[in-house]
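The figures here come from the full heavy-atom set of this structure, side chains too, leaving out hydrogens, waters and symmetry mates.
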Amino acid sequence: MQMTSRQRVLAAASHQEADRIPMDFGGRVSTLHAYAQRELKKHLGLEGGEETIRGYMTYTVEPDPRLVERFGRDTTPFYPNPGSGYEFRIDPATNSYRDEWGVGYRMPADGYYYDPFDFPLADAETPADLDRFPWPDPRDPNRMRGVAEEIKATRAAGQKAIMLGAPTLGLWLLPQFLRGMERALTDLALDRGLAEGLAERITQWYEEYWDSALAEVGPYVDFVHMEGDLGDQNGPLFSPRVFREIYKPRLRRVVDAIKRHTSARIWLHSCGSVYWAIPDLIDAGVEVLNPVQVNAAEMDSARLKREFGKDITFWGGGCSPVVLQFGSPADVEAEVRHRIADFGPGGGFVFASVHNIQANVPPANIVAMFEAAHRYGAYGS
């Protein structure tokens, strides 16, 4: 029996086999770099269409609807607005902009991304410095203005699974943008009081944001998107002990704030080698893990499924990014078949690229990836 997109995704998230593995092309962090989209459209002979940049830091797009239709997206991601009074503007003289938190970003000549370069809390030394920071209003009514109505209309149509995110980065990632990565990570070892003070303020911010946003749309949302990279290619970004002491209890608090208003599943984006963290994430209430970076250390897909497949849904992991960028289309097809064989049985898997498809990925490989996912992703075939 053919399912609707929403039925398919919810079945997967309930660890049940649907009619086929759900697809997420162009989702929340499964979209593609603007340059990759341009080359992909040329490859497919698609002309025209607007280019809508969805994320300037990563320079990723809301994909052309013709691509979404061809490759498949069983979800609809929604993005809150910034707070009242914030106006996005790129300075043409420096090719830079600031977000509503005051973090500065700029794209270097011949660059692919807007890299953070100016950190508003870089010089903070005491909790008083944190108190003086102009924290954006988490309950600003502008954040859900228009978005709430779109979410309700999409739910009424009943076809797509709905995902809602936050207007900023996560509990342990946002400090790296407010302080700068080096300062934020050394704080964890050298200035625990400042690190915990910042973590507590960000936690309170998220509790208030989700309380406000989900009071409007909680019953209509299927997945709540949260951010927070915990690993690099080889292991943890910082001590697992520090994560368990500082961030895990606060993550649980945010999850509890979310669950007061919705039955939506908690969906966490965390790159890199995060095998070590998965039991803690499950214990804290995370129900879906993305992007499942299968080429990172200890991220073997068969092992992940065997050890955690009953407790968490894997969203992503469809093709090693190394194979996707440097392999042949035949290599990509074999890789996709391998990952589907590992992750697919019993549900608990949504097929997507490992993070956003990057600028230099050959368009023929993108086509091969999603064609293979459709070819091998049907259950009972």
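- Under a 4.0 Å N-O distance rule, the pair D256/R252 qualifies as a salt bridge.
- Side-chain contact between W276 and L230 is present, with at least one heavy-atom pair separated by less than 4.5 Å.
- Using cut-offs of 30° and 60° on the angle between ring planes, the pair Y209 and W205 is parallel.
- The pair R139-D211 meets the salt-bridge criterion, with a side-chain N (NZ, NE, NH1 or NH2) lying under 4.0 Å from an Asp/Glu carboxylate O.
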Q: Tell me, with the steps shown, if R54 and T60 meet side chain to side chain donor-acceptor pair (under 3.5 Å).
A: CA-CA 6 Å; R54 174 60 70 186; T60 49; over 6 Å; no

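- Salt-bridge formation is detected for the pair E62/R73: a Lys NZ or Arg NE/NH1/NH2 atom is positioned less than 4.0 Å from an Asp or Glu carboxylate oxygen.
- Ring planes of Y114 and Y97: perpendicular class, angle over 60° (limits at 30 and 60°).
- Taking the six-membered ring for Trp and thresholds of 30 and 60 degrees, Y56 and Y59 have ring planes more than 60 degrees apart, a perpendicular arrangement.
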Q: Take N142 and Y86, measure what side chain to side chain donor-acceptor pair (under 3.5 Å) needs, and give me the verdict at the end.
A: CA-CA 10 Å; N142 191 60; Y86 171 75; over 6 Å; no

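- Ring geometry for F177 versus Y105: interplanar angle of 30 to 60°, hence tilted.
- Applying the 6.0 Å contact sphere to CD of Q233 captures more than 12 heavy atoms from other residues, nucleotides or ligands.
- Within a 6.0 Å radius of OH in Y112, no more than 12 heavy atoms belonging to other residues, nucleotides or ligands are found.
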Q: Just do the side chain to side chain donor-acceptor pair (under 3.5 Å) check on E333 and Y376 with the steps written out, would you?
A: CA-CA 9 Å; E333 178 177 355; Y376 300 114; 2.6 Å; yes

Q: Would you check, one step at a time, whether the test side chain to side chain donor-acceptor pair (under 3.5 Å) holds for E307 with Y275?
A: CA-CA 10 Å; E307 295 187 17; Y275 170 85; 2.5 Å; yes

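- Cation-pi geometry between R155 and Y220 is not met at under 6.0 angstrom from the ring centre and within 45 degrees of the axis.
- A salt bridge is absent between E207 and R250: the closest approach of a Lys/Arg side-chain nitrogen to an acidic carboxylate oxygen does not fall below 4.0 angstrom.
- Taking a 6.0 Å sphere around CZ of R337, one finds it holds 12 or fewer heavy atoms contributed by other residues, nucleotides or ligands.
- Taking the six-membered ring where the residue is Trp, F314 and F343 present tilted rings, their angle falling between 30° and 60°.
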